[in-house]
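Please read the structure below before turning to the comments.
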2 protein chains.
Amino acid sequence: MNEQQLKLNNQICFPIYSVSRLITKAYKPFLEGLGLTYPQYLVLLVLWENDNLSINQIGEKLLLNTNTLSPLIKRMEKMELLDRRRSKSDERSVLIELTDKGKELRENAIPIPEKLFNTLLAENVKLGDILFLKDILNNWVDILSEKQNDRK
Amino acid sequence: MNEQQLKLNNQICFPIYSVSRLITKAYKPFLEGLGLTYPQYLVLLVLWENDNLSINQIGEKLLLNTNTLSPLIKRMEKMELLDRRRSKSDERSVLIELTDKGKELRENAIPIPEKLFNTLLAENVKLGDILFLKDILNNWVDILSEKQNDRK
DNA sequence: AATATTTATATCGTGCACGATTCAAATATA
DNA sequence: TATATTTGAATCGTGCACGATATAAATATT
């Protein structure tokens with residue numbers, strides 16, 4: 001592995017780390033109108049698609065463990081966005097069901113993706129970031145694939 | 001904007017958010033051997049490249065504000081990886097200088113990028129994630145560019 | 001049936017992130 | 001030169017993330 005390829009690690013890992021935070025920040029103005037954080041919004045996206053899931057099932061979809069989701073969902077319960085109740089068939093499971101308030105929020109959330117899209121579009125800096133990320137990622141995939149072929 | 005394009009938002013934002021966390025997790029086993037977190041490692045990467053920067057300058061490179069960096073750097077001072085001192089020419093600035101221990105850590109950090117690379121390579125699941133991310137990202141860039149051209 | 005193991009949540013501790021605010025030093029302006 | 005504004009750090013409060021651990025319910029094993 002040569003010098004340049006070694007640098008690719010940081011060239012991809014750091015940008016992903018940064019862009020992830022930039023995206024969360026870009027969502028903020030639209031989400032705080034609804035009183036939501038980005039992770040809370042993700043939970044709602046899952047529940048709007050498929051209500052009455054266990055915490056575990058939500059975690060599978062979001063790749064989050066219960067030590068993150070448990071308190072997060074309790075905060076959302078306090079906000080009266082959802083209800084928690086133990087499953088009757090398995091007392092270990094906690095089923096999450098949207099309240100009317102949680103369901104109604106969906107309407108207000110509909111314009112968010114387009115707004116976010118336009119935000120990223122308006123800020124050319126960010127398009128630059130994405131383009132940069134795209135090139136690096138393509139480069140990385142090439143090297144990864146190449147290396148996997150070498151092993152055969 | 002059609003339904004599918006709207007979904008692209010979540011198709012790109014969520015994967016970036018997830019992959020970012022996966023990458024940080026992938027670094028963990030290698031970094032904790034050095035007693036470092038990923039953000040601390042990033043600070044060292046910056047300082048190994050260019051010592052004696054102010055907190056602000058480090059923040060510019062990492063896109064992090066002082067309310068994140070200040071306590072993080074104080075923790076690194078406690079670990080005796082770096083020294084903090086006020087600049088004489090501008091008493092507001094805090095200059096960060098690596099200690100010998102901080103400099104020496106560089107040697108131990110050299111194999112990390114390759115190890116990480118191999119980890120991602122070994123876990124085919126993750127290569128799948130990257131490929132997925134790559135396609136979505138390319139798709140997104142196409143749409144963004146197209147939309148920007150429309151405005152002209 | 002009694003015991004061991006697994007599974008679904010929850011809790012605890014630590015370390016980011018980040019908006020808001022504070023404070024002092026530096027710089028700009030009247 | 002006095003005052004206003006800007007700038008660099010630091011602090012505070014809140015909310016994630018996540019490893020480690022605890023607990024109780026469900027399931028497997030003996």
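Computed from a prediction, not measured in an experiment: that's the story for all the values here. Reminder, nothing fancy here: chain letters follow the sequence lines and each chain counts from 1.
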On DNA chain C, compare the nucleotides closest to A/Thr68 and A/Glu32; which residue's is nearer the 5' end? A/Thr68
Could you tell me whether the phosphate oxygens of D/dA10, OP1 or OP2, come under 4.0 Å of any side-chain nitrogen or oxygen in B/Arg84? yes
Whole angstroms only, please: what is the CD1-P distance between A/Ile55 and D/dT23? 19 Å
So if I take every side-chain heavy atom of B/Lys74 and compare against C/dC18, D/dC16, D/dT11, which nucleotide ends up nearest? D/dT11
In terms of the nearest nucleotide of DNA chain D, which residue is placed more toward the 5' end: A/Pro39 or A/Ser89? A/Pro39
Do NZ/NE/NH1/NH2 and the carboxylate oxygens of B/Arg84 and B/Glu77 come within less than 4.0 Å? yes
Phosphate-side-chain proximity, A/Gln57 and C/dA8, N/O vs OP1/OP2 below 4.0 Å: no
When the distance from CG of B/Asp90 to C1' of C/dT27 is rounded to whole Å, what number comes out? 10 Å
Any A/Asn65 side-chain nitrogen or oxygen under 4.0 Å from OP1 or OP2 of D/dG19: no
Considering the options A/Val19, A/Ile23, A/Leu62, A/Leu42, which one meets the side-chain contact (heavy atoms from CB on, under 4.5 Å) requirement together with B/Tyr17? A/Leu42
For A/Tyr27 and D/dC16, give me the distance from atom OH to atom C1', rounded to whole Å. 17 Å
Which one, D/dG15, C/dT9, D/dG8, comes nearest to the side chain of A/Arg75? D/dG15
Write down the distance between CG (A/Leu62) and C1' (D/dA17), rounded to a whole number of angstrom. 13 Å
Rounded off to whole Å, could you give me the CG-to-C1' distance for the B/Leu69 and C/dC16 pair? 11 Å
Name the closest nucleotide to the B/Ser54 side chain, picking from D/dT11, D/dA9, D/dC18. D/dA9
Rounded to whole Å, please give me the gap between OH in B/Tyr38 and C1' in C/dG15. 16 Å
One should read off an interatomic distance between B/Leu36 CG and B/Arg75 CZ, to the nearest 0.5 angstrom, of 12.5 Å
Counting N and O atoms only, with roles assigned by atom type, does the side chain of B/Thr37 sit under 3.5 Å from a partner on the main chain of B/Gln40, one being a donor and the other an acceptor? yes
Looking at D/dG15, C/dA10, C/dT6, which one has an atom nearest to any side-chain atom of A/Arg92? C/dT6
Take atom CG of A/Asn67 and atom C1' of C/dG15, then tell me their distance rounded to the nearest Å. 14 Å
Taking the minimum atom-to-atom distance to the side chain of A/Arg21, which one of C/dC18, D/dC18, D/dA10 wins? C/dC18
Among C/dT11, D/dA17, D/dA9, which nucleotide has an atom closest to any side-chain atom of B/Thr66? D/dA9
B/Lys28 side chain, from C-beta outward: closest of D/dG19, C/dA17, D/dC16: D/dG19
Mapping A/Thr37 and A/Ser87 to their closest nucleotides on DNA chain D, which lands nearer the 5' end? A/Thr37
Among A/Lys103, A/Met76, A/Arg106, find the residue that satisfies the side-chain contact (heavy atoms from CB on, under 4.5 Å) test when tested with A/Leu44. A/Met76
State which of D/dA17, D/dA25, C/dA26 makes the closest approach to the side chain of A/Leu64. D/dA17
Between P of D/dA10 and CD1 of B/Ile58, the distance in whole Å: 11 Å
Taking atom CD of B/Glu91 as the centre, report whether more than 12 heavy atoms of other residues, nucleotides or ligands fall under 6.0 Å from it. yes
Side chain of B/Leu72 only, heavy atoms from C-beta on: which candidate in D/dG8, C/dC16, D/dA10 is closest? C/dC16
